[in-house]
Amino acid sequence: MAGVSCVGGDVADPEKNINTPRSLALWLEDEVARLERQSASRSVLQSLPNQRLETLGSLTSHSAPLLLQDTAARDLTFPWLGLSSQLPLPKFVLLSDARLPSSEEKSDQTPHMRSLQRLDTGPVSTIDPLKSIPIHVADFLLEVYITRAMPLYPIFHEAWLRSCYWAVIHQPSNAEGEANKPYNVFTISLTMAISLSTAERPKQARANEMALKLFQHAMAHANSVFTNDYAGLQALVLLHVYAVMNPAAANVYFLASYMMQSCIDLGLPYENPSSPSLNLLERDLKRRLFWTAWELDVSCSGSFTRPVTLLPKHITTAFPSDLEDSAIHPTFMDPCGRSSKFLCGRVRTFRQIEVEVTAILFHNEPIDPEFESLEFWMDNVEKRIHAWRNCVHDSVLANQEQSLIAQWQEMAVFADIADPQVIVTLYRPCPRVRNPTTANLLKAFNASVEVARGYTTQAGMGFGNLKYTLQPCHHVFSAAMVFLHAIRECAVALAEIYSLEQMEDFMGTFPAFFALTAERWPASAACKDEYLRLLEPVKEYYVNSLQLNTIEYLPNLGEVEEYLCQPDLWILGSESFAFSSTTSDDPGGLGSDTWANFDLDSNYWDSYFNMESLSG
C-alpha cells in the first residue's frame, strides 16, 4: 500500500530487521536530514583545539600508496564511498549495465536481476584467476598496462605499481603478507583485466572472458578498497577505466559522479598557492589523479551532453608534469627527464574544448566577452579543434622515438575522432541553436560520418590499443541522429554534392560500427536495430525523390527531432534505470572451464596473443 514502509534486512546484518522506505524520495529526505545533523555536529568539532581534531581524524584514516590524507581532509569526509562501510558503493552502480543510446524510453527491469547474479561483488570462484595466468604472460600484460594505459591514465606511481605487482604475482620472500592485501589484489586484477581488454578483434572474445573473471575477482575486495581517501579514489578511477571498455561491469555515469565527489571531498580540485609546498612527488600524483578523474568525468558527461561536475573555471589545481616518474623527486624535478605523459595532456586540451561547447550550447553558459556573437565563437571553436588535430598529426610525423610509435598512432586515431565529434556537437540542433543553417548542418553531416569511421578504425586496432565501448556507442548514435536530420533538412544540397551510391555508403557506416561493437558489448546490437528502423523512411524518401527528379520536404520524423532537442529523454531517467536485455550471461561464448584451458599450455598464450611479435 502507498505510504506503508516495507520491512527488509540490513545488508550488513541479515538478522537485523529495519524499516526500509518504499520510495527513493523518502530515503533521500531521510538522508538529507541526517547529513544536516552531521553538518551541525561538524561545526562543533571544528571549534575544538587542533590536537583534538587530529585525534578524531586519525580514527577514520586509511593508508594509501605514496599519499596520506591530510588531517583536515579526514575530519571533513566520510571514511567510505557510498551508503555505509559495509556497502561502499550502491549495487545499482556496480551491478547494472550502462544505459544504451536509443530514441525510445526503455522500461523493462527484468535483465537487472540477471546482471546482479552475473556480476555480484562476492566471491565468484574458489580459483584465483591471477594464478591461472602464466608468469611470463602476466609480466607481458603489466608492460602493456604501463606503456599503453598509464600514459593516458597516470593514476599510480610506476615504481609502486611494479612493487605491488611483484608482491601479488611473484611473491618474493621479503614481501610476505603484501600478496594478500585486498588493495593490492584489486589493483593487479584490474590492471590485468584492462590489458586483456585491449585484445584485437580475432582474440577479444576469450580475452574479455578472462578479463571478466579478473574483474569479478577484484570486486570481491570492493568493501575494503572503496574508501574515501586517495587510495580509494585510485581504485575507483581504475574501475572506471575498465568499465568504459566493458560497460556491463558498472553504470559508468553514476560511477563518474562518485569519482568526482571523492575528488571534491579530498579537496583535489583546489590548490592554495600561498600554502606551504607539499612533497613534489605527492603533489604531482595528486594532480595526476584529479585531472585523470576529471577527464573521465568529462568524457562520460560529454557523451550524454550533460553538465560536468566541475568546469575548468572552477578549478585551481595546476596541471601535472609530463615527465616520467623517475624524474620526479620529493624535493626537485629533473629537467633532463624523458617526457612520458604527453598523451594525457593532449587529451585534456581536447576535453577543455569539448566542455566549453557542451556548456555553452546545451547549458546556457555565457560566451567569453571577446567574441562579438555566437557565430564568431563557433567559428573560433572550429579553428581551435582543427588546429589541435593538425598539431597531433604534426607530432606523429616528428616523432623519432621507436618506443612511442604505437602511442602516437593511437593518439592520431583519437584526434581523427575527437575533431569531427566536436564539429557534430557544435553544429547540430541544440537548445541554444534549434535550427542551424544549411552550411552548418552540412558540416555536421560530414563530421558524423567521420565519427563513425574513426571509431570503426579504433575498434579494429591491435593489441595494446584501448578499446572504448560506452562513449563510442553514444557518440556514433548521436552522430547518426544528426546524419538523418541533415538528410531531411538539406536533401537538395546533399543531392548536388553526393551521388546516390555515396549516400548509401554513408548510410551503411553507422550499422557497420554497431555490428562491430556488438562483438565486444552484445547489448549495443540494439543501437543498430534502432538506427535501421529510423533510417528506412529517410532512405525511401531520399531515393524516391531522386528518381522523380524532385525533392520535397520529408514528413516530420518526430523521434529524431525529439532526441535532438531533448537528449535526456533517453539517458538515465531520474526515476528508473534501464538494463541491457541482450547481454549474455556468458559474454565470451565460453564455458566455465576457460581458465583451465588457458592454464594447460603457456605456449598457447604466446601464439594466441601473438606476444612474440608484440614484444619485438
- Message: Please tell me whether Ser321 and Asp284 have a donor and an acceptor in their side chains that are separated by less than 3.5 angstrom.
- Response: no
- May I have the step-by-step check of side chain to side chain donor-acceptor pair (under 3.5 Å) for Thr309 and Asp297, ending in yes or no? CA-CA 8 Å; Thr309 306; Asp297 178 56; 3.2 Å; yes
- Measuring from Leu190:CG to Leu239:CG, what's the distance to the nearest 0.5 Å? 6.0 Å
- Task: Run the salt-bridge test on Arg348 and Glu295 with the 4.0 Å N-O cut-off and return the result as yes or no.
- Result: no
- Message: Before you tell me yes or no, could you show the steps for Trp294 and Val355 under side chain to side chain contact (heavy atoms under 4.5 Å, CB included), namely the whole-Å CA-CA distance, both residues' side-chain angles and the distance that decides it to 0.1 Å?
- Response: CA-CA 11 Å; Trp294 182 86; Val355 166; 4.0 Å; yes
- Task: Give the ring-plane orientation class for His217 versus His221, where under 30° counts as parallel, over 60° as perpendicular and anything between as tilted.
- Result: perpendicular
- His157 vs Leu281, side chain to side chain contact (heavy atoms under 4.5 Å, CB included): CA-CA, chis, key distance, verdict: CA-CA 9 Å; His157 191 271; Leu281 185 58; 3.6 Å; yes
- Message: Is the shortest side-chain heavy-atom distance between Gln261 and Asp265 below 4.5 Å?
- Response: yes
- Phe226 and Phe186: CA distance, side-chain angles, deciding distance, ring pair (Phe, Tyr, Trp, His ring centres under 6.0 Å) verdict: CA-CA 10 Å; Phe226 289 133; Phe186 175 92; 5.6 Å; yes
- Item | Side-chain ion pair, Arg287 and Glu282, N-O less than 4.0 Å | no
- Query: Are any of the side-chain heavy atoms of Trp166 and Ile188 separated by less than 4.5 Å?
  - Reply: no
- Item | Test ring pair (Phe, Tyr, Trp, His ring centres under 6.0 Å) applied to Phe304 and His474, step by step | CA-CA 7 Å; Phe304 306 140; His474 282 273; 4.6 Å; yes
- Message: When you compare the side chain of Ile315 with that of Phe290, does any pair of heavy atoms fall below 4.5 Å?
- Response: yes
- Task: Using a strict 4.0 Å threshold on nitrogen-to-oxygen distance, state whether Arg283 and Glu271 make a salt bridge.
- Result: no
- Message: Using every non-hydrogen atom in the two residues, find where Pro320 and Trp291 come nearest and quote the distance to one decimal.
- Response: CD-CD1, 3.7 Å
- Task: Walk me through it: do Glu410 and Arg148 pass the test salt bridge (charged side-chain N to carboxylate O under 4.0 Å, His left out)?
- Result: CA-CA 9 Å; Glu410 185 173 12; Arg148 305 305 299 278; 3.0 Å; yes
- Item | Derivation of the salt bridge (charged side-chain N to carboxylate O under 4.0 Å, His left out) call for Glu519 and Lys467 | CA-CA 12 Å; Glu519 296 175 10; Lys467 309 297 193 304; over 6 Å; no
- Task: Check whether any side-chain heavy atom of Ser195 sits under 4.5 Å from a side-chain heavy atom of Leu142, and report yes or no.
- Result: no
- Asn246 and Ser197 side chains, donor-acceptor separation under 3.5 Å: yes
- Query: Charged N to carboxylate O under 4.0 angstrom, Glu354 versus Arg351?
  - Reply: yes
- Polar side-chain atom of Lys341 near backbone of Leu323 as donor-acceptor pair, under 3.5 Å: yes
- Message: ring pair (Phe, Tyr, Trp, His ring centres under 6.0 Å), that's the test. Do Tyr270 and His314 meet it? Break it down for me.
- Response: CA-CA 9 Å; Tyr270 319 109; His314 298 143; 9.2 Å; no
- Task: Before giving the answer on side chain to side chain donor-acceptor pair (under 3.5 Å), spell out for Gln204 and Arg520 the whole-Å C-alpha distance, their side-chain angles and the decisive distance to 0.1 Å.
- Result: CA-CA 7 Å; Gln204 68 188 13; Arg520 299 185 61 84; 3.1 Å; yes
- Item | Under 3.5 Å: donor-acceptor pair, side chain of Thr198, backbone of Gly464 | yes
- Query: Are Val237 and Tyr153 side-chain neighbours, meaning at least one heavy-atom pair lies under 4.5 Å?
  - Reply: no
- Would Ser299 and Gln471 satisfy side chain to side chain donor-acceptor pair (under 3.5 Å), going step by step from the backbone distance to the final call? CA-CA 7 Å; Ser299 174; Gln471 285 92 333; 3.0 Å; yes
- Query: Do Arg288 and Asp322 pass the salt bridge (charged side-chain N to carboxylate O under 4.0 Å, His left out) test, and can you show the C-alpha distance, the side-chain angles, and the key distance before you say yes or no?
  - Reply: CA-CA 10 Å; Arg288 284 155 52 177; Asp322 64 354; over 6 Å; no
- side chain to side chain donor-acceptor pair (under 3.5 Å) assessment of Tyr183 paired with Gln234: CA-CA 10 Å; Tyr183 190 88; Gln234 286 170 317; 3.1 Å; yes
- Message: Phe156 vs Tyr145, test: ring pair (Phe, Tyr, Trp, His ring centres under 6.0 Å). Steps then yes/no.
- Response: CA-CA 11 Å; Phe156 298 112; Tyr145 180 84; 7.1 Å; no
- So is Arg306 actually on top of Phe362's ring, under 6.0 Å and inside 45° of the axis? no
- Query: Looking just at side-chain N and O atoms, do Asn184 and Tyr165 make a donor-acceptor pair shorter than 3.5 Å?
  - Reply: no
- Task: For the pair Tyr455 and His475, name the ring-plane relationship: parallel under 30°, tilted 30 to 60°, perpendicular over 60°.
- Result: parallel
